[in-house]
Amino acid sequence: MTDAAKTNPDLADQLSKTYAPVEVEARRYAKWVADGRFAASDSSDRDPYAIVIPPPNVTGQLHLGHALDHTIIDSLVRRERMRGKEALFLPGTDHAGISTQNVVERQLADKEGVSRHDLGREAFVDKVWEWKDVYHERISNQMKKIGDGVDWSRERFTLDEGLSSAVQTMFKRMYDDGMIYRAERIINWCPRCMTALSDIEVEHQDDAGELVSMRYGEGEHSIVVATTRLETMLGDTAVAVHPDDERYAHLLGTTVEVPFTGRRIPIIADAHVDPEFGTGAVKVTPAHDPNDFAIGQRHDLEAILIMDERGVITAHGPFQGLDRFEARSAIAAALRAGGRIVAEKRPYMHAVGHCDRCDTTVEPRLSKQWFVKVERLAKSAGDAVRNGETKIHPPEMEKRYFSWVDNLLDWCISRQLWWGHRIPIWYGPNGEEICVGPGESAPEGYTQDPDVLDTWFSSGLWPFSTLGWPEQTPALEKFYPTATLVTGWDIIFFWVVRMMMFGTYAMGKAPFKEVFLHGLIRDKEGKKMSKSSGNGIDPLEVVDQYGADALRFMLARDAQPGADSTASIELAEISRNFCNKLWNGTRFALMSGATVEGELPAEPSLIDRWILSRLSHTIEAVDTHFEAYEFAKAMDALYHFAWDDVFDWYLELTKPVLAEGGQAADDTRRVLGHVFDQLLRLLHPVIPFVTEELWLTLTGGEERNESLTVAVWPTPAGADDEAERLVDALQHLVVEVRRFRSDQGVKPSQRVAARIGGLDAAGLADQERFIRVLVKLDVEAEGFAPTAELAVSDQVSVALDTSGTIDVAAERARLDKALKAAEKELAGTTAKLGNEAFLAKAPDNVVEKIRARKATAEADIARATAQLERLA
RNA sequence: GGGCGCUUAGCUCAGCGGUAGAGCACCUCGCUUACAACGAGGUGGUCACAGGUUCGAUCCCUGUAGCGCCCA
């Protein structure tokens with residue numbers, strides 16, 4: 001067989017000159033799904049490895065944060081699949097009660113001019129389901145485009161039949177356990193969404209409000225209170241002071257009149273009042289403030305609701321019918337006119353709660369709602385982490401987790417919405433209340449509670465409801481608890497804590513062995529990316545422009561545990577370039593006849609030994625970093641191995657071997673094939689498309705219906721220190737000569753005659769021809785007249801005939817610089833070694849290192865000095 | 001107000017007791033049939049500031065300043 005026949009031009013011809021992701025990705029993804037590559041089995045004897053998707057909002061679109069999350073999950077799962085696990089990436093979406101209802105209401109108003117009340121509950125919910133189908137398809141397509149290797153046959157939705165049954169089962173179980181109760185409390189109310197919110201759905205922002213001090217009572221019988229919500233005075237039922245506050249002792253037990261209402265309210269003593277804050281007296285509005293409510297409870301005060309669900313004043317009097325903010329100014333004006341305003345501070349910066357979903361200012365409001373008693377649940381959720389059942393990465397995030405679980409208040413779970421899991425409580429005609437489980441029905445004449453449950457109630461069940469709970473399914477048996485939960489740290493309290501609470505409660509086991517919290521994606525100004533601030537990069541645009549692999553590589557390369565990442569479109573371009581480089585490197589290997597057939601050579605050449613050693617190190621690094629969720633480091637190791645070691649050096653070094661042919665060339669072709677085979681495997685979890693395409697071409701696996709998705713993950717074969725040391729020396733030599741050429745202005749293409757001395761001593765005698773190829777040095781011929789001599793190392797020097805004068809100034813400048821650096825190094829090391837304390841206290845290996853550095857510096861100085869003298 | 005984190009090359013970030021690193025950007029040269037989405041070479045940093053610990057501090061400790069985030 002001739003060498004020409006061994007090359008593989010046919011295979012290489014299959015590959016275009018640059019990588020074109022669009023066509024490849026669509027084709028590959030469809031085939032993976034058709035071949036069932038992502039389908040996990042409940043019954044295999046492989047060890048399970050499952051990750052459930054953090055369910056995106058079904059009406060939402062994937063943003064970069066999702067793309068990061070999915071890239072990480074998908075990489076983890078794909079790698080474990082290659083490592084022989086029964087790997088499952090379980091997909092699905094949640095119904096996102098408030099935002100979905102909002103979105104559809106808006107659509108209905110815009111397109112059909114109707115409100116949900118016009119339609120009625122049932123018809124409206126039907127409409128939402130229609131919209132849900134449309135949105136659902138959009139988000140599924142997005143996931144396919146970014147390459148999520150999910151088991152589509154297991155896809156779930158929080159409102160599907162099974163999950164709804166799980167929700168109902170859970171509710172009933174907790175209700176029967178006395179862990180769900182109904183009570184009248186101050187809750188966060190959104191007057192726009194017209195529903196209760198839980199504490200965590202409220203975002204506190206510093207707003208420029210006003211702090212108004214007003215006087216209740218007259219003369220000696222007056223007391224001044226300050227408030228930022230003046231309108232709530234209409235519902236005041238007391239003024240409270242600290243019991244030890246002598247300033248007000250004489251007023252205790254007396255009453256003052258609330259203007260506009262004619263109501264007289266008592267001045268009371270309560271130890272929770274801070275005498276240092278403001279005047280030390282506070283107005284008490286039990287129906288509109290959580291602290292005031294607590295005071296009200298202690299003193300048996302009346303709680304008067306002064307506004308309706310829309311935030312419109314209902315209290316009788318001049319302000320009835322005004323919006324709460326209009327009422328605020330109107331009341332201020334009226335009080336001012338009445339001489340009751342003592343001080344006004346405006347603007348007054350203070351934290352104001354806003355609705356997470358619509359940004360409306362939240363109104364604390366007394367309301368009858370359903371609550372989950374969290375004390376016991378939170379304790380077991382915390383304990384699961386404390387006792388190591390679940391490990392949080394990075395560990396610094398534990399603090400944040402504990403600060404949440406250890407300080408949780410009871411969770412308001414009822415929402416005044418139509419879209420969601422309806423609360424399975426039915427009320428009888430005589431005030432009876434029963435909780436109905438799945439398959440049960442309420443007695444005749446009972447009516448169901450109109451409210452629905454917080455979406456997080458259903459997503460809290462996600463890790464087990466998606467696997468079939470409450471049925472004891474084989475899937476649940478096989479995959480619960482799941483391996484890892486991957487999500488952004490900003491969602492730790494919303495979701496992670498909830499799943500931990502429900503998992504420990506319902507299953508007796510925490511839902512995941514590990515939790516990996518990745519950072520958020522920020523823009524160049526460090527702001528969190530969001531649609532509202534318009535700074536978002538659409539991941540799908542990145543896919544269209546650069547390919548899904550580029551998107552994924554960009555995100556993984558920036559994913560440093562504990563740190564947020566900064567995204568910009570340039571990073572996508574860099575990643576695209578890497579994919580293209582990989583494409584062309586593999587193409588070249590194929591053209592060179594790289595093969596995966598047969599055994600690796602028993603006695604590989606030095607450069608083959610070197611690249612195999614580098615490969616082994618790389619596999620170790622990738623494994624280590626993957627296990628620690630250090631994606632940025634894993635990608636860095638692969639990037640540099642691929643680009644520096646393989647493409648820049650190894651491929652160049654193989655060229656002369658391959659050109660010479662013979663057994664050496666055959667051996668190198670085999671090693672070349674092996675290196676690319678392994679490199680593509682290592683890269684596959686993060687950049688699945690381009691690697692699959694290249695690998696199937698390289699191995700010819702397409703005909704055998706093989707796939708990288710199920711190829712075996714590489715294992716390190718061991719390092720070869722001698723080969724690494726020798727190739728290091730070779731590289732040093734090459735770089736020195738290149739630098740000399742560059743400094744001397746020798747054109748890259750120009751060949752130069754040279755004599756290389758001392759290669760024997762350096763152990764590089766066999767490598768001379770490679771060196772000459774890499775730096776375009778011809779062997780010396782007749783009339784060889786060296787014009788410069790380069791002392792590359794202690795052993796090796798290169799005499800070059802630049803056929804003419806050399807640029808003495810340039811060379812001297814270079815040598816001066818080298819000399820200066822070496823002298824500085826010598827001074828530093830000499831000083832250290834002259835320091836008794838250093839010699840006495842520093843560890844031996846450090847002292848040795850400094851001695852070696854000093855010796856090197858001395859040798860460098862000697863060489864540079866000698867060369868400078870020669871130039872003179 | 002309480003807590004957490006950050007401050008390293010123009011930019012984005014690694015490193016975290018013993019020679020300051022990467023990618024991008026920048027400068028010079030080069031389209032040498034794998035790749036110009038590329039190759040070769042190069043410039044660039046009192047590691048925020050001030051103290052302390054140590055033989056030695058970008059790294060550990062304390063404080064200051066600036067920035068970010070979470071909670072109230």
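Reminder, nothing fancy here: chain letters follow the sequence lines and each chain counts from 1. Fair warning: this is a prediction, and the values are worked out from it, not measured in the lab.
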Indicate the ring-plane relationship of A:F553 and A:F578, choosing parallel, tilted or perpendicular according to the 30° and 60° boundaries.
parallel
Separation between the P atoms of B:C38 and B:U12, rounded to whole Å:
23 Å
For a quick check of understanding: with a heavy-atom distance under 4.0 Å over all strands, which category does A:V735 fall into, base, sugar-phosphate or nothing?
sugar-phosphate
Quote, to the nearest angstrom, the C1' distance that separates B:U7 from B:U58.
12 Å
Remember a base hit wins even if backbone is also touched, and classify A:Y19 as base, sugar-phosphate or nothing at under 4.0 Å, heavy atoms.
base
Expressed in angstrom and rounded to an integer, what is the separation of A:R751 atom CZ from B:G30 atom C1'?
15 Å
On a whole-Å scale, what distance lies between the C1' atoms belonging to B:G44 and B:C11?
13 Å
Classify the nucleic acid contact of A:E652 as base, sugar-phosphate or nothing, counting any heavy atom under 4.0 Å across all strands shown.
base
Gap in Å between the two C1' atoms, one belonging to B:C13 and one to B:C47, rounded:
13 Å
Does B:A37 have OP1 or OP2 under 4.0 Å away from a side-chain N or O of A:N584?
no
Of A:V385, A:I392, A:N407, the residue whose pairing with A:F402 passes side-chain contact (heavy atoms from CB on, under 4.5 Å):
A:V385
Of all the choices, B:A37, B:G30, B:G23, which nucleotide is nearest to the side chain of A:T18 once you look at every atom?
B:A37
I want to check a possible cation-pi pair here: A:R498 against A:W411, using under 6.0 Å from ring centre and within 45° of the ring axis as the test.
yes
Closest to side chain of A:R853, choosing from B:C70, B:U19, B:G18:
B:U19
Do other residues, nucleotides or ligands put more than 12 heavy atoms under 6.0 Å from A:H732 NE2?
yes
Whichever of A:E203 and A:N577 has its nearest RNA chain B nucleotide further upstream toward 5':
A:N577
Work out how far the C1' atom of B:G52 is from that of B:C27, and round it to whole angstrom.
43 Å
Can a donor-acceptor pair be found between the side chains of A:T668 and A:D608 at a distance below 3.5 Å?
yes
Nucleotide nearest A:I850 when distance is taken to its side chain, options B:G18, B:G41, B:C24
B:G18
Separation of atom CG in A:N845 from atom P in B:U19, rounded to whole Å:
11 Å
For the side chain of A:N580, starting at C-beta, report the closest nucleotide among B:A37, B:A34, B:G30.
B:A37
Could you give the CE-to-C1' distance, from A:M554 to B:U12, as a whole number of Å?
13 Å
By the 4.0 Å heavy-atom rule, please label A:R741 as base, sugar-phosphate, or nothing.
nothing
On RNA chain B, compare the nucleotides closest to A:A20 and A:W489; which residue's is nearer the 5' end?
A:A20
Taking the six-membered ring for Trp, are A:H393 and A:Y629 ring centroids under 6.0 Å apart?
yes
Interatomic distance where CZ belongs to A:F402 and P belongs to B:G2 [whole Å]:
24 Å
Atom pair distance, as rounded to whole Å: CG in A:N188 and C1' in B:A72:
14 Å
Suppose we call a contact any N or O donor and acceptor under 3.5 Å apart; does that hold for the side chain of A:R576 and the base of B:A37?
yes
So for A:E630 and B:A14, does any side-chain atom that can act as donor or acceptor lie under 3.5 Å from a complementary atom in the base?
no
Which residues satisfy the side-chain contact (heavy atoms from CB on, under 4.5 Å) test with A:R739, sequence neighbours excluded?
A:E736, A:D743, A:R814
Taking atom P in both B:G10 and B:U19, compute the distance separating them and give it to the nearest angstrom.
23 Å
Does the ring center of A:F631 lie less than 6.0 Å from the ring center of A:F626?
yes
OP1, OP2 of B:G42 versus side-chain N and O of A:R739: anything below 4.0 Å?
yes
Answer yes or no: does a side-chain N or O of A:H204 lie under 4.0 Å from OP1 or OP2 of B:A72?
yes
Looking at B:G30, I'd like to know if its phosphate oxygens (OP1 or OP2) sit under 4.0 Å from a side-chain N or O belonging to A:K747.
yes
Each base of RNA chain B marked ( ) or [ ] if paired in-strand (Watson-Crick or G-U under 3.5 Å), | if paired to another strand and . if unpaired gives ((((((((.[[[[.)..(..]]]].(((((.......))))).....[[[[[..)....]]]]]))))))).
Quick check on contacts: within residues 642-651 of chain A, what sits under 4.0 Å from RNA chain B by heavy-atom distance?
A:W643, A:F647, A:D648, A:L651
Would you measure the distance from the C1' atom in B:G30 across to the matching atom in B:C35 and give it in whole Å?
15 Å
Phosphate OP1/OP2 of B:U33 contacted by A:K17 side-chain N/O (<4.0 Å)
no
Whether A:K633 contacts B:G15 is assessed here as follows: a side-chain N or O lying under 4.0 Å from the phosphate OP1 or OP2. Is that the case?
yes
Taking atom C1' of B:A57 as reference, at what distance in whole Å does atom NZ of A:K841 sit?
16 Å
Keeping the roles fixed (side chain from A:R741, backbone from A:V746), state whether a donor-acceptor pair exists under 3.5 Å.
no
Evaluate A:F293 against A:T285 for side-chain contact (heavy atoms from CB on, under 4.5 Å), listing each step before the verdict.
CA-CA 7 Å; A:F293 181 73; A:T285 324; over 6 Å; no
Atom CG of A:N407 and atom P of B:G3: how far apart are they, to the nearest Å?
14 Å
Which of B:G41, B:G5, B:G18 is nearest the side chain of A:V846? It is B:G18
Is the distance from OP1 or OP2 of B:U32 to the nearest side-chain N or O of A:K655 less than 4.0 Å?
no
Using the ring of A:Y639 (Phe, Tyr or Trp, six-membered ring only), decide whether A:K581 places NZ or CZ under 6.0 Å from its centre and within 45 degrees of its axis.
no
Kindly indicate whether the side chain of A:P364, heavy atoms from C-beta on, has any atom under 4.5 Å from the side chain of A:R229.
yes
Closest approach to the side chain of A:H640, judged atom by atom: which nucleotide of B:G23, B:G5, B:C29 is it?
B:G23
Short side-chain donor-acceptor distance under 3.5 Å, A:W649 and A:D644
no
Roughly, in whole Å, what's the span from CG in A:D636 to P in B:G21?
15 Å
Atom C1', compared across B:A48 and B:A36: separation rounded to whole Å:
40 Å
